[in-house]
Amino acid sequence: MFKSVDPNVKFPQLEEEVLAWWDANNIVAKALASGEKPFVFYEGPPTANGRPGLHHTISRSFKDVILRYRSMQGYRIIGRREGWDTHGLPVEIEIEKKLGFSGKPDIERFGIAEFNRLCRESVWEYIQEWKAFTKRIAFWLSEDAYITYENDYIESTWWIFRQLWDRGLLFRDYKVTMHCPRCGTSLSDHEVSLGARDDVDDPSVYVKFRVTGFTTPPPAVDGTLNGAFLVAWTTTPWTLPANVALAVKHDAEYVEVEHQGERLVMAAALAQSVLPADSFTVLRHFRGNDLVGLRYEPLFRGVPGDGDTVDWETTYRVIADEIVSLDDGTGIVHIAPAYGDLEVGRKHGLPTLFSVGLDGKVLPQFSELGFAGKFFKEADPDITRNLKARGLLLRSGRVRHYYPFCWRCGTPLLYYAKRSWYIRTTAFKADLVANNQQIHWVPEHIRDGRFGNWLENNIDWAISRERYWGTPIPIWTNADGSHMVCIGSLAELEAKVGRSLRDLDLHRPYIDEVVWEDPQHGLMRRIPDVADCWFDSGSMPVAQWHYPFEHREIFEMAHPADYICEAVDQTRGWFYTLHAVSTLLFDRPAFKNVICLGHILDEHGIKMSKSKGNVIEPEEVISAYGVDALRWYLFTAAPPGNARRFSMALVSESMRKFLLTLWNTYAFFVTYANLDQWQPNNGRTAELQPIDRWALAALNQLVQQVTAAFEDYDVYTAANAIEHFVDELSNWYVRRNRRRFWKSEGDADKEAAYQTLYTCLVTVAKLAAPFTPFVSEVMYRNLVAERDPSAPESVHLARWPQVDQTLLDPQLVADTEALLTAVSLGRAARKQANLKVRQPLSELWLRASTTSVLNGVRRFEAELRDELNVKAVRYLDASSTVVEYRLKPNLRLVGKKFGKLVPALTAALRDLSGAAARAAAQAVEAGQPLRLPVDGQDVELLPDEVLVESSAPEGYAVAEADGMLVALNTTVTEELRLEGAARDLVRYVQDARKSAGLAISDRIHLFLNSADETGLLTATLARYRDYISSETLSVELTVGNPPADAYTETDEFGDGMVTVGIVKATV
RNA sequence: GGGCGUAUAGCUCAGCAGGUUAGAGCGCGAUCCUGAUAAGAUCGAGGUCGGUGGUUCGAGUCCACCUACGCCCA
């Protein structure tokens, strides 16, 4: 006996029971240890200082589904372990917030040791929730986690640094980075984008630079512009003291104009927008190139960087550069390399001058001007006032534009040329691009689109952060920076300092205390920087195994990964850092297959965020519908790469549509199997009916499809194929075969039905196991494992189903499709004629677009008659004269062949009618070519190239689709009417039995009465009394009013009503 | 400003070597079927397939431009 199945299943509760069983039987550990051939997975590490959300559910579900599939195929999954990302600015900012800090000085005062201790603790703040979440969503990972802050992990990243160092790929340079003066650090591009706004109100000033002369060789304009003003535009007056040059567009047209007694120079195209109309007259025209080499009087003297010597001869001149655009401004661009134009400065040999320090305050050198020490944005008005007083301000106003802010603290950022450490990834651009070509991306467009594009525009990776909680960069230097070493292992460092460092925490500040005296170069100290935390996660293929210090063989087997999966925002994040580290170190990709997920939006298409209050917690969904429903929704609702709108209602729909359908089919099977005491492998013979063969053919086709889709990492297609099959299994196979299960004879036909349905359910349970691990487990346990001690105890330890080639039958599947189309058309025709299916009809005419479709229907004619309740099916061919034929070209074929002739050809075919059309239809049906004149030409059409349609025969109800036509004879004879009436009565009684709460096997005393339609009732009973009695298990049938204690219903009958009364019979 | 993606029914989404009447599910209304079903079937209302132009005998599908949104970059 199977365990009985509750049709009112509560999935969340069911899932809790499964979780308990997995625990009690150690299933997770067994699954993790199973398999032989390796399949390598990399877990992208989250940080546990925030709660798990829906976006974690989707990525973890897509990770899990592939791993379960591979595991069922007998693979041993390598790297199926937790990983935690623990370093980085976000962690530090959390702690700063808690302590009420406002920048690095606060941290230094507080003490780095204590600060880092708090950071280390805080990354585990929600670890319990993460553990519970991971378990509840059935994401199976070993708890043997890799943790990026552990010494072993850090040591591996040091090894990587050393590899890069030895190959000259680590370098130090000025580089403009986005700098947050409050946090005191550079921000990654990723971080900058988080805080940028495009509606920032800033000053907009037009500034005049007085021309004083020219360089050698002289510009084309020579000295004629001496005393004139070059007009430049800026929204950052605070950068003006750092100005070193003015740039023009080399081929653009410039003008010298007379304006209020002064001569001004700007781009011709922009003069109108800079100066009021009619306020100026154009004196002369130049090309941009003509101006190159002019010298001008600086507005202020900028301050050279520490240790830099400046050749002032190179400054304060006009250059030409591509960065100049004529979209806005004046066509003359103020260049301040320190605050953004470093590349331009370098190209033209300009020095880098500063006006503002790293703290965001104007340098003390400007104290005599009155704005030294002011925060840079607050210095803007002072600088503008100063210029105005000196007559160097043409115009000032305000503008709304894009400006970046620190994503955590909201402070305006500055572009700032700082000395930082870089990895020279640009040297490997070609390799990065080539290795990317080996990766299978889902969706495909990411490879050459977003990711490929990003690689094409590769820039060197800024790797250093002037922060505290991170992997310390293992570079030690002497005081003047003339000697540097990169340490690649703990042992190497121990050798340098001559003591054991085994118990040392490798983080700051402890690592900073590790110094040694170099006999030639003096005291060696570590540089203060820590690594970009993306470097940590990108190093995980190496560092998770403590390679090369340990586990060399695992690493070598486990690189590259067969599969990873994260959301699309990781293209510039983890996907890139993995790829970059792998390419630079090993010249191969880090992963072979990747599913790149779209984001989950709320039901209005807006990103979920705490501040908007539109966040749906996974727990809310899971407790309402269960994990299987949520997972199934995530797999089937949209292709994985698409952004998706999420709502509870959609998960509920997913549950009803798939899980409940599957569950009810399963419940049906178990109910009857138990009544019949049916067991699998019982040795009885089965006589398979065509519909059984169809189910098995469709099932094996499904196995084939799902397997192929999985091999292509196409989870969406795989899941939807299963959903489609389950729908057909339930709504066609089971519905059509109910009587075979409940009939009393235990013959070979019944055995065939049981075997077929059993096979389908067991196979579907296995196919669905990677997607919906809980319900699959329940079904498999009850149907297989609890009956058969030799079977694996869990569906997740079972083997993936194999295709039985002998059962595949594409013809049978196609024929059934044809049948289903015919059934659907027949119902449509009935609806049109307002004839319910219970009313039998005499005949149905059918014609199909092709003979093979027609034969398909013919094969299942009995089913068609039964489904549509008709006595006979007749087939229309071109010889029948009851219908009018219409002909159309098969455009798909004809279009290519006849091109421009198509419209005329279509018209010529359409114009055929009557006998001509019938003759043409007959020719096509007989496989003969059709000749007809088109546009004066004699055209020959092959039979395939013509589509034949037909009108409805007279007096028939007709429905038509895809070339198939079904026509019902709508004449209801008296005989048919009585049969229909009998079926009505049976239906009413069955309904009444159900409403009265009778058991299926209860016998009844039936009362029927019909005041208005006595004639019909009498006539019906005269003919169908026995049929009605036996169908409804009536031991007695009385015409007349039921007794008072009877259960009574009244229904429509003929043109009147009938009263149905039932009393349970005592047998 | 640039790149990538998305835009199809009230909602969630399919569709595409360019081809005949643009689909599914949900929701709504109606009818039907049903002794597994919270199910199913049929019909109906509901579509300028984001917009404009182009290529073509023919464009939701290809091309160009534009708009909105998302992500990423500057």
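A, B, ... follow the sequence lines: proteins, then strands. Residue 1 opens every chain.
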Round to the nearest Å and state the distance from [X] atom [atom1] to [N] atom [atom2].
X	N	atom1	atom2	value
A:R735	B:C33	CZ	P	12 Å
A:E1031	B:U34	CD	P	11 Å
A:N8	B:A39	CG	P	13 Å
A:R838	B:U42	CZ	P	18 Å
A:E867	B:U34	CD	P	10 Å
A:I1004	B:G35	CD1	C1'	13 Å
A:R645	B:A7	CZ	P	11 Å
A:D727	B:A39	CG	C1'	10 Å

Sticking with atom [atom1], work out how far [N] lies from [M], rounded to a whole angstrom.
N	M	atom1	answer
B:U20	B:U61	C1'	16 Å
B:A64	B:U55	C1'	11 Å
B:C57	B:C65	C1'	26 Å
B:U42	B:U34	C1'	15 Å
B:A22	B:G58	C1'	15 Å

With 3.5 Å as the limit, what N/O pairs link the protein to nucleotides 61-66 of chain B?
none

Q: Going by the side chain to side chain donor-acceptor pair (under 3.5 Å) test, name the single residue among A:T571, A:D448, A:N436 that passes it with A:W441.
A: A:N436
Would you tabulate the pairs of protein nitrogen or oxygen atoms and nucleotide nitrogen or oxygen atoms of nucleotides 23-31 of chain B closer than 3.5 angstrom?
from	atom 1	to	atom 2	distance (Å)
B:G25	O2'	A:E653	OE2	2.8

Describe the nucleic acid contact of [X] in one word from base, sugar-phosphate, nothing, applying a heavy-atom distance below 4.0 Å.
X	value
A:A667	nothing
A:V726	nothing
A:R830	nothing
A:R892	base
A:P443	nothing
A:Y672	sugar-phosphate

Validation row: [X], [Y] side chains within 4.5 angstrom (heavy atoms):
X	Y	result
A:L729	A:L757	yes
A:N737	A:Y733	yes
A:T577	A:W461	yes
A:R644	A:I58	yes
A:R738	A:Y672	no
A:L14	A:W663	yes
A:Y625	A:L659	no

Q) Pairing of RNA chain B as dot-bracket, 5' to 3': ( ) intra-strand, [ ] crossing, | other strand, . unpaired, with Watson-Crick or G-U pairs under 3.5 Å? A) (((((((..((((.....[...)))).(((((.......))))).....(((((..]....)))))))))))).
(Q) Could you check whether A:E1049 pairs with A:R987 (Lys NZ or Arg NE/NH1/NH2 to Asp/Glu carboxylate O, under 4.0 Å)? (A)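 No.
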Q: May I ask you to say whether A:R735 pairs ionically with A:E867, meaning some side-chain N is under 4.0 Å from a carboxylate O?
A: yes
**Q.** Side-chain-base donor-acceptor pair under 3.5 Å for A:S730 and B:A36
**A.**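 Checked by distance alone, the answer is yes.
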Q. Closest to the A:P903 side chain: B:C57, B:A39, B:U34?
A.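 The answer is B:C57.
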(Q) For A:Y416, give me all partners under ring-ring contact (aromatic ring centres under 6.0 Å, His included), at least two apart in sequence or on another chain. (A) A:H179, A:Y339, A:F354
Q | Closest-nucleotide 5' rank along RNA chain B - winner of A:S824 and A:Q839 | A | A:Q839
Show me the side-chain donor-acceptor pairs of residues 900-912 of chain A shorter than 3.5 Å, one per line, residues at least two apart or across chains.
from	atom 1	to	atom 2	distance (Å)
A:T906	OG1	A:V902	O	2.8

Q: For A:N869 and A:R830, test the side chains for any donor-to-acceptor distance below 3.5 angstrom and give the result as yes or no.
A: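 On atom types as modelled, these side chains do not qualify, holding no pair under 3.5 Å.
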Tabulate atom names and distances for all N/O pairs under 3.5 angstrom spanning the protein and nucleotides 3-6 of chain B.
from	atom 1	to	atom 2	distance (Å)
B:G3	O2'	A:N453	OD1	3.3
B:G3	O2'	A:N453	ND2	3.0
B:C4	O2	A:R450	NH2	3.1

